[in-house]
Undergrad: 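Before we start, here is the structure in question, set down as structure tokens.
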Amino acid sequence: MATITIALAGNPNAGKTTLFNTLTGSRQHVGNYPGVTVEKKEGGYTFPSGEHASIIDLPGTYSLTAYSVEEVVARDYLVQEKPDVVINITDASNLERNLYLSTQFLELGVPMVIALNMIDVAQDRGISLDAQKLAELLKVPVIPIIARSGKGTAELMGAALALAKENKPWDPLYISYGEDVDLALQTMAQRITATSFMTENYAPRWLALKYLEGDSQIREKGRAHNPAVDAELQEIVERVSAHLHKTMETYPEAIIADHRYGYIKSVLRQEVITHTFDIDRLHASDRIDKVLTNRFLGPLIMLGVLLGLYKFTFTFSELPVAWLETFFGWAGDNLSSLLPDGHLKSMLISGVIDGMGGVLGFVPLIMFMFFGIAILEDSGYLARVAFMMDRVFRIFGLHGSSVMAYIVSGGIAGGCAVPGVMAARTLRSPRERLATLLTVSFMNCGAKLPVLALLTATFFSNNQAQLMFLLTLLAWGVALTAAKILRLTVLRGDSTPFVMELPPYRFPTFQGLFIHTWERTWQYIKKAGTTILTISILIWAMMTFPGLPASEEENFARQRQEVESLSAQTPEEALQREEKLAAIDSDRAGSGLRHSLAGRLGTAMESVSWLPGFDWRTNIALVGGFAAKEVIVATLGTAYSLGETDPENTASLSETLAKDTHWNPLVAMALIVFVMFYAPCFVTVVCISRESGSWKWGLFSICFNTGFAFLLATLVYQGGRALGFAG
Ligand code: GDP
Ligand code: MG
């Protein structure tokens with residue numbers, strides 16, 4: 001017999017990954033579903049009888065509507081690939097909610113085995129389940145398992161194999177939705193059958209149901225398939241909707257959901273679930289929720305937890321990040337002494353090593369953040385955070401889950417947009433997720449801080465602390481406003497109804513936490529690594545080539561020779577000579593930068609950058625800042641011929657700026673605003689592209705942010721001048 005295919009499907013947190021790992025061990029392959037960034041995991045399993053199965057881990061969903069990419073992916077996979085068996089993994093300790101998805105599989109008609117997972121947890125809660133009874137009522141095999149220990153999985157696979165061998169045609173379950181809806185479904189199904197309307201893929205009644213649910217994906221397909229029938233069906237939908245609204249003040253979707261739950265309740269009531277000991281009517285989770293989602297206490301606790309997560313991420317990753325920095329510094333120094341001077345050395349050190357340091361430097365940050373998020377997610381608290389924040393974020397066209405991404409990115413100054421972008425994964429709706437991805441980089445990440453610190457200390461030393469605080473608020477305001485603008489324009493569309501269920505609280509397991517953390521971190525290294533290295537080398541080349549013209553190069557060489565030829569008798573004279581040489585080298589680096597591609601770009605940009613008040617030196621620094629924002633300080637130092645400027649020690653640069661006639665508080669303010677909001681650093685851009693599944697969005701973020709920043713900075717500078725401030 002050929003290999004059979006088995007799809008694992010279920011709610012998020014039902015234990016799919018755990019079961020998948022138990023079954024397939026190390027025989028896994030991770031890819032993507034075509035056209036979307038939803039991860040597709042496949043693995044192999046061999047039955048004791050020697051037969052082989054290929055196992056697919058479908059994305060976790062609560063429903064099979066078209067609200068999220070995950071749901072569409074799961075549904076399309078089932079309909080198009082027609083796996084031999086679906087194993088629907090359910091959380092036995094929370095069966096009623098989990099069966100909501102199961103009924104939708106049954107309505108679709110897929111051959112299915114239900115795995116009642118986490119019966120250990122259910123038992124601890126005093127819930128006992130009659131699997132036999134449930135199997136009889138739902139007419140599908142039901143096998144109790146403990147995915148984590150592997151208990152019951154052999155039996156589960158046996159049942160799956162038996163079902164696959166039966167090879168029966170799909171057999172959709174009919175749930176009654178009340179007279180009005182049933183009648184409409186019947187009429188629609190008849191029309192669908194009579195006109196063979198997409199019937200090669202879907203069952204007629206199921207299609208009718210999707211039309212009633214207002215399923216956007218199915219409707220789109222229907223319109224393309226046969227506009228006339230589509231219009232007819234839509235007319236029936238409108239008629240029932242109007243009728244339902246008039247008679248019951250409700251709409252089809254709500255009726256359908258109500259009846260599905262009704263069906264589940266009626267099944268469970270038939271002695272499927274018994275409580276072996278009397279538990280309080282208030283479930284433990286509900287009691288905890290009384291406090292944690294309390295209207296007043298809830299937000300306070302949440303603030304504490306989020307601050308804690310933030311501290312955790314950035315405190316714990318500090319040491320490993322420092323180690324990595326030391327290591328790459330050491331590697332650079334060693335290489336520097338081994339290799340002869342020249343472009344190769346410069347490329348290896350400034351391009352390759354710095355680029356690799358750039359990629360790996362983020363790893364501890366990402367690991368600790370995902371570890372923290374995994375704790376919140378696996379314990380069930382993240383869903384509560386989303387629930388509480390949803391009302392506020394909804395105003396800006398975002399989702400409650402977005403809050404995490406903003407905070408990690410620098411909602412509290414000093415974060416980083418790279419883990420922030422990755423944190424947006426917890427969002428399920430594509431538009432809200434994109435709006436989050438594209439705006440988190442407006443937050444004040446740790447790399448912008450040295451720039452802001454330099455400028456505020458130089459020009460606003462009296463109110464530095466207050467100003468920094470105001471800038472944090474400004475970042476929030478701008479990020480949320482930008483999100484709103486995006487949601488009203490390029491990402492226009494309805495908000496997703498809050499479909500996230502509040503799962504019961506659960507103690508996370510170390511194994512689960514490590515698997516989740518490692519999976520995500522590895523993805524970052526694998527996906528971002530190669531691209532980042534390439535871009536890092538490109539930026540290095542831009543700031544190096546074509547270099548000084550030969551005549552000037554000779555000029556500097558002659559100057560050096562002149563100084564070197566001076567004899568130095570006393571130590572003071574020797575020191576003076578060294579200083580002179582360093583000054584010549586700085587001058588040469590400054591001229592070289594101006595001659596480089598980046599320098600020419602910076603000079604050419606003066607034709608527009610006078611609007612926000614930037615000169616060519618600032619422009620070059622901003623170009624360099626695309627590599628990483630803290631590079632702005634170092635590049636500014638080079639451009640002012642001050643030699644290498646350490647972002648942590650900017651006293652001489654600060655003095656130079658304070659004295660320079662081009663600079664004044666107004667220019668500084670315009671630059672602060674620009675640095676805060678212009679193009680994200682390229683590591684972030686790479687991550688945005690990866691996470692959104694398209695380079696288009698990475699490019700968009702560069703253009704949108706830079707345009708936006710330019711506008712704001714110009715407003716500050718020209719507005720300030722018009723009002724008579726310095727300038
Ligand atoms: P997924 O979202 O469906 O992939 O769920 P996971 O496999 O990540 O599991 C969610 C959490 O439930 C993890 O912390 C698992 O360790 C835990 N878990 C999974 N199966 C069992 C089980 O049978 N018993 C218990 N007690 N915990 C489990
Ligand atoms: Mg999983």
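Along the sequence shown, residues are numbered consecutively beginning with 1.
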Undergrad: Salt bridge check, D182 against R205: does any charged N sit closer than 4.0 Å to a carboxylate O?
TA: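 Salt bridge present between R205 and D182.
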Undergrad: Taking all heavy atoms of A9 and all of F105, pick out the closest pair and write down the distance.
TA: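 Distance-wise, the nearest heavy atoms are CB-CZ, 3.4 Å.
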Undergrad: Angle between ring planes, F700 versus F704, binned at 30° and 60°: parallel, tilted or perpendicular?
TA: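 Ring orientation of F700 relative to F704: parallel.
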Undergrad: What are the two closest non-hydrogen atoms of N117 and A147, and how far apart are they?
TA: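 Minimum heavy-atom contact is OD1-N, 2.9 Å.
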Undergrad: Nearest 0.5 Å please: distance from the OG1 atom of T65 over to the CD atom of E253.
TA: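 It is 8.0 Å, given to the nearest 0.5 Å.
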Undergrad: When you measure from the side chain of E70 to the backbone N and O of P59, does any donor-acceptor pair fall under 3.5 Å?
TA: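 No; judged by distance alone, with no hydrogens or angles, the pair does not exist.
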Undergrad: Start with the C-alpha distance between Y263 and L138, add both sets of side-chain angles, then the distance that settles side-chain contact (heavy atoms from CB on, under 4.5 Å), and finish with yes or no.
TA: CA-CA 10 Å; Y263 170 79; L138 296 180; 3.5 Å; yes
Undergrad: Go through the steps for F197 and R191 under the test side-chain contact (heavy atoms from CB on, under 4.5 Å), then give the verdict.
TA: CA-CA 8 Å; F197 184 70; R191 283 308 294 154; over 6 Å; no
Undergrad: If you measure from CG on L209 to CD1 on I256, what distance do you get to the nearest 0.5 Å?
TA: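 The CG atom of L209 sits 4.5 Å away from the CD1 atom of I256.
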Undergrad: Taking C-beta and beyond as the side chain, do L129 and P144 meet within less than 4.5 Å on heavy atoms?
TA: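 Result no, sub-4.5 Å side-chain heavy-atom pair not found.
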Undergrad: Less than 4.5 Å apart, side chain to side chain, heavy atoms only: is that true for W170 and P111?
TA: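 W170 vs P111: side chains touch.
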Undergrad: Just one of D390, T436, V392 clears the side chain to side chain contact (heavy atoms under 4.5 Å, CB included) bar with L398, so which one?
TA: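 Exactly one option meets the side chain to side chain contact (heavy atoms under 4.5 Å, CB included) with L398, and it is T436.
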Undergrad: Are R260 and E213 within salt-bridge range, i.e. N to O under 4.0 Å?
TA: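 Salt bridge present between R260 and E213.
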Undergrad: With a 6.0 Å cut-off (strictly less than), is the heavy-atom count around NZ of K151, excluding the residue itself, greater than 12?
TA: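 At most 12 heavy atoms, drawn from other residues, nucleotides or ligands, come within 6.0 Å of this atom.
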Undergrad: Report yes or no: does K40 contribute a side-chain atom to a donor-acceptor pair with the main-chain N or O of I56 at less than 3.5 Å?
TA: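 Absent.
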Undergrad: Does a side-chain heavy-atom distance below 4.5 Å link L99 with Y261?
TA: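 Of all side-chain heavy-atom pairs linking Y261 with L99, none is under 4.5 Å.
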Undergrad: May I ask you to test the T90-N11 pair for a side-chain heavy-atom distance under 4.5 Å?
TA: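 A side-chain contact is absent here, since even the closest heavy-atom pair is not under 4.5 Å.
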Undergrad: Are more than 12 heavy atoms, taken from residues, nucleotides or ligands other than Q132, located less than 6.0 Å from that residue's CD atom?
TA: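 Check fails, neighbour count at 12 or below.
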Undergrad: Evaluate the side-chain proximity of V237 to M188: yes if any heavy-atom separation is below 4.5 Å, no if none is.
TA: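 Answer yes - side chains close enough.
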Undergrad: With side-chain contact (heavy atoms from CB on, under 4.5 Å) as the test, would you mind laying out the steps for I255 and L212 before giving the verdict?
TA: CA-CA 10 Å; I255 294 259; L212 272 179; over 6 Å; no
Undergrad: Would the distance check show the side chain of K16 and the main-chain N or O of L58 forming a donor-acceptor pair, the cut-off being under 3.5 Å?
TA: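 Indeed, once roles are kept as given, a pair shorter than 3.5 Å links the two residues.
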Undergrad: Is there a side-chain contact between L233 and L207 in this structure, where contact means two heavy atoms from C-beta onward sitting under 4.5 Å apart?
TA: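 When only atoms from C-beta onward are counted, L207 and L233 do not touch, as no gap falls below 4.5 Å.
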Undergrad: Do the charged groups of E39 and R425 touch, with an N to O distance under 4.0 Å?
TA: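 No, this pair does not count.
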Undergrad: Kindly give the heavy-atom pair with the smallest separation between F708 and I485, and that separation in Å.
TA: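 For F708 versus I485, the nearest heavy atoms are CE1-CD1, 4.3 Å.
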Undergrad: Are side-chain heavy atoms of V267 and L134 found at a separation under 4.5 Å?
TA: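 Contact flag for V267/L134 side chains = yes.
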Undergrad: Hey, would you say the Y100 and Y62 ring centroids sit under 6.0 Å apart?
TA: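 Y100 vs Y62: aromatic centres not under 6.0 Å.
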Undergrad: S692 and side chain to side chain contact (heavy atoms under 4.5 Å, CB included): which partner among L438, V421, L434?
TA: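 Among L438, V421, L434, the one meeting side chain to side chain contact (heavy atoms under 4.5 Å, CB included) with S692 is L434.
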Undergrad: Consider side chain to side chain contact (heavy atoms under 4.5 Å, CB included). Of R219, R75, Q217, which one does K210 pass it with?
TA: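 Per the side chain to side chain contact (heavy atoms under 4.5 Å, CB included) rule, the option paired with K210 is R75, out of R219, R75, Q217.
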Undergrad: If I take atom CG from residue D180 and atom CG from residue L244, how far apart are they, to the nearest 0.5 angstrom?
TA: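 The CG atom of L244 is 5.5 Å from CG of D180, to the nearest 0.5 Å.
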Undergrad: Going by atom types only, do Y406 and T439 share a side-chain donor-acceptor pair under 3.5 Å?
TA: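 Checked: Y406/T439 side chains pair up, N/O donor to acceptor below 3.5 Å.
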Undergrad: If you compare all heavy atoms of L491 against all heavy atoms of R431, which two are closest, and at what distance to 0.1 Å?
TA: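 Taking L491 first and R431 second, the nearest heavy atoms are O-CD, 3.2 Å.
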Undergrad: Taking atom NE2 of H225 as the centre, does the number of heavy atoms from other residues, nucleotides or ligands within less than 6.0 Å exceed 12?
TA: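 Enclosed: over 12 neighbouring heavy atoms sit under 6.0 Å from NE2 of H225.
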Undergrad: Only one of L161, L156, V140 passes side chain to side chain contact (heavy atoms under 4.5 Å, CB included) with V113; say which it is.
TA: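 So the option named by the test is L156.
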Undergrad: Just wondering, are more than 12 heavy atoms of other shown residues or ligands nearer than 6.0 Å to CD in E179?
TA: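 No, because the 6.0 Å sphere around CD of E179 holds 12 heavy atoms or fewer from other groups.
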Undergrad: Rounded at 0.5 Å granularity, tell me how far CE in M112 sits from CG in D171.
TA: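 It comes to 11.5 Å.
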Undergrad: If we only count heavy atoms from C-beta on, is the K41 to T17 side-chain gap below 4.5 Å?
TA: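 Side chain of K41 against side chain of T17, heavy atoms only: contact under 4.5 Å found.
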Undergrad: In Å, rounded to the nearest 0.5 Å, how long is the span from CD1 of I127 to CE of M118?
TA: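 I127 atom CD1 to M118 atom CE measures 12.5 Å (nearest 0.5 Å).
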Undergrad: For the residue pair N226 and T195, confirm or rule out a side-chain donor-acceptor distance under 3.5 Å.
TA: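 The answer is no; no qualifying pair exists.
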Undergrad: Any idea which heavy atoms bring T5 and P83 closest together, and the distance?
TA: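 Result for this residue pair: OG1-CA, 3.4 Å.
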Undergrad: Please report the closest heavy-atom contact between P252 and S241, naming both atoms and the distance.
TA: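 Looking at all heavy atoms of both residues, the shortest contact is CG-OG, 3.5 Å.
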Undergrad: Anything under 30° is parallel, anything over 60° is perpendicular, the rest tilted; go ahead and classify Y202 against W206.
TA: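 Taking W206 first and then Y202, their aromatic rings lie parallel (interplane angle under 30°).
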Undergrad: Between atom CZ of R433 and atom NE2 of H399, what is the distance when rounded to the nearest 0.5 Å?
TA: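 Here the rounded value is 13.0 Å.
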Undergrad: Start with the C-alpha gap between R384 and D289, add the side-chain angles, then the distance that decides, and say whether side-chain contact (heavy atoms from CB on, under 4.5 Å) holds.
TA: CA-CA 8 Å; R384 270 79 182 177; D289 268 341; 2.9 Å; yes
